[in-house]
Amino acid sequence: MSSDLAFVDSHIHYWDRPHPTLAWVWLEDDFVHPQLGDIRPLKDMRRYTPDEYLADIEGCGVTKAVHVQAAIGTADPVEETRWLSEMAEAVGWPHGITGDARMQSPDVEETIARHCEYPLFRGLRDFAQGDYLVDPAFHRGYALLEKYNLVYDLDCTWENMGKAGALAKKYPNIVMILDHAGFPQAIDDEYFANWRAGMDAIAEAENCVIKISGLGMGHQMAGTNWTTDSIRRWVLGCIEAFGVERSFFGTNWPVDRMYSSYSEVVTAYRQIIADFSHDEQEAMFSRNAERVYRI
């Protein structure tokens with residue numbers, strides 16, 4: 001295991017509540033998370049910004065981080081990009097931004113263009129409505145990502161990976177990032193087999209890459225907590241499906257702070273990939289994320 005392995009965290013979230021122009025509806029007291037249920041430790045955390053993040057990552061070798069859309073419910077999603085850009089200019093974190101837009105909206109290009117006025121903007125994520133992966137309106141918005149040289153962060157479970165793979169193949173010049181290791185919703189053997197088949201299907205699209213992150217969430221849904229051994233097959237399954245050059249890591253911090261310390265997550269990742277060559281470890285721990293997000 002390479003103890004000096006630099007880590008690029010490809011999935012973090014910041015917030016500072018209340019805020020005059022931003023909203024985080026999923027952190028409001030009366031909101032029930034559809035998958036995780038009770039997330040009271042996060043709701044009680046009124047502020048999570050680079051100050052808190054830098055304290056959490058101390059000693060973990062983190063060199064860069066990508067912030068992924070979190071201010072859900074904000075009237076103008078570009079406000080989050082502006083807020084993060086000002087933060088990055090002041091303190092140097094984050095290094096890349098994935099923002100929010102309604103991809104099915106007929107005027108989504110105006111939102112995308114305003115996001116792109118900020119130099120750290122790299123991509124989009126949209127918790128879209130309906131069967132959106134086959135919706136022509138969503139496809140119209142998605143196609144714009146090629147014009148603006150943006151990536152797409154996708155939350156998708158195994159049941160929809162075939163549709164996601166077809167979308168990726170339809171637009172081969174757009175990089176699709178499958179978030180949270182395909183967001184496992186259970187940890188039993190039957191679920192793992194279905195998930196693994198879905199991963200093979202979506203990985204057929206060569207422009208699709210895998211972000212190995214957020215594995216604590218599936219364990220919460222299963223009523224248990226993760227260990228290095230319990231996440232090992234999910235991490236290695238991602239790498240087997242996508243290959244070393246299309247795999248990289250993230251933490252989903254501070255959401256996954258509900259399950260462990262930051263150092264425990266990064267140490268588990270290091271241990272699981274310890275048998276890979278040093279060059280392969282570097283690719284998955286930093287270089288691939290740097291390439292995909294252009295950071």
Side-chain angles (χ1 to χ4, degrees), residues 7-60 62-102 111-112 114-127 153 155 179-180 211 213-214 216-217 220 250-263 265-266 289 293 295:
F7 181 49
V8 172
D9 193 339
S10 64
H11 203 104
I12 66 169
H13 305 295
Y14 293 150
W15 59 80
D16 192 358
R17 305 178 297 135
H19 190 278
T21 61
L22 297 175
W24 292 267
V25 296
W26 59 288
L27 293 172
E28 293 176 359
D29 285 340
D30 59 352
F31 184 85
V32 178
H33 196 285
Q35 285 85 31
L36 303 181
D38 181 17
I39 56 170
R40 175 52 56 187
L42 301 179
K43 294 179 178 182
D44 290 343
M45 198 186 308
R46 308 302 293 184
R47 171 186 168 94
Y48 197 83
T49 65
D51 288 343
E52 292 75 22
Y53 180 68
L54 291 173
D56 280 345
I57 69 174
E58 185 175 359
C60 295
V62 183
T63 56
K64 298 176 184 176
V66 177
H67 186 282
V68 178
Q69 163 234 29
I72 301 165
T74 298
D76 179 3
V78 181
E79 278 295 295
E80 183 179 36
T81 296
R82 179 191 62 77
W83 178 65
L84 293 165
S85 296
E86 291 175 353
M87 184 183 296
E89 186 174 348
V91 300
W93 297 76
H95 301 82
I97 299 167
T98 292
D100 188 18
R102 302 284 71 77
T111 300
I112 294 173
R114 288 193 296 115
H115 273 303
C116 289
E117 293 174 6
Y118 296 92
L120 297 184
F121 193 74
R122 294 292 182 267
L124 288 163
R125 181 173 75 162
D126 176 21
F127 293 122
D153 271 79
D155 271 37
D179 282 354
H180 299 329
K211 181 189 295 184
S213 60
M217 295 187 293
Q220 177 179 335
T251 64
N252 193 37
W253 221 252
V255 175
D256 275 48
R257 193 187 195 193
M258 293 192 292
Y259 320 122
S260 72
S261 70
Y262 195 96
S263 63
V265 175
V266 178
Y293 283 109
I295 58 175

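Between G99 and F121, the closest heavy-atom pair is N-CE1, 3.4 Å. Closest non-hydrogen pair, A71 versus E80, comes out as N-OE2, 3.0 Å. For V265 against S260, the heavy-atom pair with the smallest separation is CG2-OG, 3.2 Å. The two residues A65 and P94 make their nearest non-hydrogen contact at O-CB, 3.6 Å. Shown here for R17 and K43, the closest heavy-atom pair between the two residues is NH2-O, 2.6 Å. Between P77 and H115, the shortest heavy-atom contact is O-CE1, 3.5 Å.
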* To do: Go through the steps to decide whether W26 and F127 satisfy the test side chain to side chain contact (heavy atoms under 4.5 Å, CB included), and finish with yes or no.
  => CA-CA 12 Å; W26 59 288; F127 293 122; over 6 Å; no
* May I have the step-by-step check of side chain to side chain contact (heavy atoms under 4.5 Å, CB included) for V66 and I295, ending in yes or no? => CA-CA 9 Å; V66 177; I295 58 175; 3.8 Å; yes
* Asked: side chain to side chain contact (heavy atoms under 4.5 Å, CB included) between I57 and W93: does it pass, once the steps are laid out?
  -> CA-CA 12 Å; I57 69 174; W93 297 76; 4.0 Å; yes
* **D76/R114 under side chain to side chain contact (heavy atoms under 4.5 Å, CB included): CA gap, chis, key distance, verdict** => CA-CA 10 Å; D76 179 3; R114 288 193 296 115; 3.0 Å; yes
* Asked: side-chain hydrogen bond (donor to acceptor under 3.5 Å, both in side chains) between Y259 and N252: does it pass, once the steps are laid out?
  -> CA-CA 11 Å; Y259 320 122; N252 193 37; over 6 Å; no
* Intermediate values then yes/no, side-chain hydrogen bond (donor to acceptor under 3.5 Å, both in side chains), T74 and E79 -> CA-CA 8 Å; T74 298; E79 278 295 295; over 6 Å; no
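Between the CG atom of L84 and the NE2 atom of H13 there is a distance of 11.5 Å, given to the nearest 0.5 Å. Residue H19 holds its NE2 atom at 13.5 Å from CZ of R46, rounded to the nearest 0.5 Å. Separation of atoms OG1 (T81) and CD (E117) is listed at 10.5 Å; rounding is to 0.5 Å. The line from OG of S10 to NE2 of H95 is 13.5 Å long, rounded to the nearest 0.5 Å. In this structure, the separation between CD1 on I112 and CZ on R102 is 11.0 Å, given to the nearest 0.5 Å. Rounding to the nearest 0.5 angstrom, the gap separating the CD atom in Q35 from the CG atom in D155 is 8.5 Å.
A heavy-atom distance below 4.5 Å is found between the side chains of V62 and Y53. Counting heavy atoms from C-beta on, the side chains of H180 and M217 come closer than 4.5 Å. With a 4.5 Å cut-off on side-chain heavy atoms, V68 and I12 do not count as touching. Contact annotation: the side chain of R257 never approaches that of Y262 to less than 4.5 Å [non-hydrogen atoms, C-beta and beyond]. The shortest side-chain heavy-atom distance between D179 and R125 falls under the 4.5 Å cut-off. For the pair R47 and E52, the minimum side-chain heavy-atom distance is below 4.5 Å. The side-chain heavy atoms of S85 and I97, taken from C-beta on, include a pair separated by under 4.5 Å. Side chains of Y293 and D153 form a contact here, defined as non-hydrogen atoms less than 4.5 Å apart.
For the pair H67 (side chain) and Y14 (backbone), a donor-acceptor distance under 3.5 Å is present. Counting only distance, with no hydrogens or angles, the side chain of K64 and the backbone of D9 share no donor-acceptor pair below 3.5 Å. Side chain of K211 to backbone of H11: no donor-acceptor contact under 3.5 angstrom is found. The closest donor-acceptor contact from the side chain of Q69 to the backbone of T98 lies at 3.5 Å or more, if one exists at all. Side-chain atoms of W15 come within 3.5 Å of backbone N or O of M45 as a donor-acceptor pair.
Between W83 and W24, the ring planes are perpendicular. Angles over 60° get that label, and only those under 30° would be called parallel.
Atom CD of E89 is surrounded by 12 or fewer heavy atoms from other residues, nucleotides or ligands within 6.0 Å.
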